[in-house]
Amino acid sequence: MKPNDFVTVKGRLKRINDVLTLEYDSRIENAPSKKISEICNLFDIDPNYEPVSLAGRVITIRDQGKAVFAHIKDAESKIQIYVKIDVVGEERFSFFKDFVDVGDILGVKGKLFRTKTGELTVEVERFEILAKCLHELPEKWHGVKDPEVRYRQRYLDLIANPDVAKIFIDRTRIIQKIRDYFNSMGFIEVETPILHQIASGASAKPFITYHNALDEQLYLRIAPELFLKKLVVGGFNRVYEIGKNFRNEGIDIHHNPEFTMMEFYVAYWDYNDLMKFSEELFSYLAKEIRGSYKVKFGDYEIDFTPPFRKVRYFDYLREKTGKGKEFFLDERKAREFARELGINEERLTHPKVIDKIFDHVSEGDFINPTFVIDFPKILSPLAKTHREDSDLVERFELFIAGFEVSNAYTELNDPEEQNKRFDEQLKERKMGDEEAQMKDDDFITALEYGLPPTAGQGIGIDRLVMILTNSHSIREVILFPTLGSKK
RNA sequence: GGGCCGUUAGCUCAGUUUGGUAGAGCAGCUGACUCUUAAUCAGCGGGCCGCAGGUUCGAGUCCUGCACGGCCCA
């Protein structure tokens, strides 16, 4: 708290201590039973609706002398209140003028009416200060814009910027609809460990932590994948999890160190089934949340009308570079080509070089939902070999608005081959790739018991919410994004 | 990791080019006003100019470093 804040705080506190003690401790006698938006709707149905009790934060006060107008708000809506001296009485009226500040949580009881300009208003009969605001609120017209304040004190952002509150309400709606969708299809929602002995299931650097009683180093999970596939082995043929993953990497508009991932697995499906399913799911969500298959995102209009565009990984590279699969699978040629593109490939492994080249040439493409399919096997240690080409796997990534939103494949369920793929990852690791996957023998054992043919998919929930709420940074859809500590 | 930009009143921002007493609007405080709604009118207060050094008679302004944040690149 800065010195000047303290003057305000002290001033308001003193007044409370001198006069307001009882009021501050009191409970509202008629607790608000409805949200402000619900009360507005009630009046439309029945203009003679009986006296209402409601509560909210005071955001404006317009003093008229012997009457005061104010607005109070909750997360979604606001309503005007009208406090008149000849309704509440002289004593309470002067109490209101003396002690109710912008920012306070106020409980009111009264009748609904419309002003001459038609605004729905509560004519206040009784009011109580339910909580005191000791600070001045951000400015009513511009709100709070400083991104640091908005993220560190998100409550101020939510109070001052209604559009922001809307994004987070939409986020909840999106996740709710996803759950409903999967539950109605017979999926089981599960929770698997976040503390992992082995960080696997994705190519990423883990956070390391320590368990004292076990005397053992643990990792925060980078993906729930291996645990979920163990559950399919156990007979949970349709299973999903929504939860946080943690990756010890940089922060930018598409990355937060902790982020929300959904993963789901379906026995007896392959990646073609997942593509069809994804088209249905994503177009459904666009329609439910934005009311149309066509969704505005910045300058783009993203068209979710199925079917989505499909591009094969190496076909796309050939189209963009004139070079084919054999060229890129030749490490020396791939590296040389990467250098020509200005990519610093020295510290990258061969698979990463190919990946970088793909990112480089696809920059700005894939605005409408696009499946990039049939990835190189060396980039995909957990995916099943492609049925027509042993250099590839049956995998797709779904790009929307130019960035990856989802990743999926037909699962590798051959324990022997999985074991080999892990060994190849270990080699990459030894060559300095900290993101190469760790070998998980328990997972191999699970595969030895028999994983049915299965397809699995991950959806980056934060990124999906970005697109469906027209938000252009992941921090705009995470309530408290990761920030450095304020010294 | 690299480059660029930002950090001034509770909030939103001027002021930095060209060094010379710190500015506005909103918010706050005092007063007036019984249909206002960015209410209006009259008056008043409010600043470690991100932090630490340096140059200078003198630094919000110029230089160096650091912190936090934003954008772009890797």
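In what follows, chains are A, B, ... by sequence order, proteins preceding strands, each numbered from 1.
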>> Just to verify, what does A/F366 make a ring-ring contact (aromatic ring centres under 6.0 Å, His included) with, not counting sequence neighbours?
In response: A/Y316, A/F399
>> Measure CD/A/E136 against C1'/B/G47 and give the value in whole Å, please.
In response: 14 Å
What does the list of N/O pairs under 3.5 Å between the protein and nucleotides 70-74 of chain B look like, with a distance for each?
unit_1 : atom_1 : unit_2 : atom_2 : d
B/G70  : OP1    : A/R475 : NE     : 3.0
B/C71  : OP2    : A/R475 : NH1    : 3.2

> Dot-bracket, RNA chain B: Watson-Crick or G-U, under 3.5 angstrom, [ ] crossing, | other strand?
Replying inline: (((((((..((((......[..)))).(((((.......))))).....(((((..]....)))))))))))).
>> With rounding to the closest Å, how many angstrom separate the P atoms on B/A42 and B/A59?
In response: 39 Å
> What interatomic distance, in whole Å, is found between P of B/G15 and the corresponding atom of B/A24?
Replying inline: 15 Å
>> Strictly by salt bridge (charged side-chain N to carboxylate O under 4.0 Å, His left out), give each pair with a member in residues 144-159 of chain A just once, sequence neighbours left out.
In response: A/E148-A/R152, A/E148-A/K486, A/R150-A/D157, A/R150-A/E476, A/R154-A/D157
Are there any protein N/O atoms within less than 3.5 Å of an N/O atom in nucleotides 36-38 of chain B, and if so, which ones and at what distance?
unit_1 : atom_1 : unit_2 : atom_2 : d
B/U36  : OP2    : A/K116 : NZ     : 3.2
B/U36  : O2     : A/R62  : NE     : 2.7
B/U36  : O2     : A/R62  : NH2    : 3.2
B/U36  : O2     : A/Q80  : OE1    : 3.2
B/U36  : N3     : A/Q80  : OE1    : 2.7
B/U36  : N3     : A/Q80  : NE2    : 3.1
B/U36  : O4     : A/Q80  : NE2    : 2.8
B/U36  : O4     : A/T115 : OG1    : 3.2
B/U37  : O4'    : A/R62  : NE     : 3.0
B/U37  : O2     : A/Q80  : OE1    : 3.3
B/U37  : O2     : A/E119 : OE1    : 2.8
B/U37  : N3     : A/E119 : OE1    : 2.7
B/U37  : O4     : A/T117 : OG1    : 2.0
B/A38  : O3'    : A/K140 : NZ     : 3.1
B/A38  : N1     : A/W141 : NE1    : 3.4

> Which residues satisfy the ring-ring contact (aromatic ring centres under 6.0 Å, His included) test with A/F314, sequence neighbours excluded?
Replying inline: none
> How would you list, by chain and number, every residue that makes a side chain to side chain contact (heavy atoms under 4.5 Å, CB included) with A/K427, sequence neighbours excluded?
Replying inline: none
>> Please report the distance, rounded to the nearest Å, between CG in A/L134 and C1' in B/G10.
In response: 13 Å
> Base, sugar-phosphate alone, or nothing: which one does A/D146 contact when heavy atoms must sit under 4.0 Å apart?
Replying inline: sugar-phosphate
>> Can you identify which nucleotide, out of B/C13, B/G28, B/C35, has its nearest atom closest to the A/K145 side chain?
In response: B/C13
>> Between A/K35 and A/D74 (salt bridge meaning N to carboxylate O under 4.0 Å), is one present in this structure?
In response: no
> C1' atom, B/U7 versus B/G47: distance in rounded Å?
Replying inline: 15 Å
> Looking at residues at least two apart in the chain, or sitting in another chain, which of them share a ring-ring contact (aromatic ring centres under 6.0 Å, His included) with A/H472?
Replying inline: A/F297
Less than 3.5 Å apart, which donor and acceptor atoms pair up between the side chains of residues 337-346 of chain A and the rest of the protein, not counting sequence neighbours?
unit_1 : atom_1 : unit_2 : atom_2 : d
A/R339 : NH1    : A/E345 : OE2    : 2.9
A/E345 : OE1    : A/R335 : NH1    : 2.8

> If you measure from the P atom in B/C51 to the same atom in B/A22, how many Å do you get, rounded?
Replying inline: 16 Å
Less than 3.5 Å apart, which donor and acceptor atoms pair up between the side chains of residues 198-209 of chain A and the rest of the protein, not counting sequence neighbours?
unit_1 : atom_1 : unit_2 : atom_2 : d
A/S200 : OG     : A/Q437 : OE1    : 3.2
A/S200 : OG     : A/M438 : O      : 3.1

>> Please list all pairs meeting salt bridge (charged side-chain N to carboxylate O under 4.0 Å, His left out) that have one or both residues in residues 465-474 of chain A, counting only residues at least two apart or in different chains.
In response: none
> How close or far is atom P of B/U34 from atom CZ of A/F113, stated in whole angstroms?
Replying inline: 16 Å
> Tell me: CD of A/Q153 to P of B/C68, nearest whole Å?
Replying inline: 18 Å
>> Just the rounded figure in Å: distance from P of B/C33 to CG of A/D86.
In response: 15 Å
> Should the pair A/D462-A/R171 be classified as a salt bridge under the 4.0 Å nitrogen-to-oxygen rule?
Replying inline: yes
> In whole Å, what separates the C1' atom of B/G60 from that of B/G6?
Replying inline: 15 Å
> Tell me the salt bridge (charged side-chain N to carboxylate O under 4.0 Å, His left out) pairs involving residues 243-255 of chain A, sequence neighbours left out?
Replying inline: A/K244-A/E258
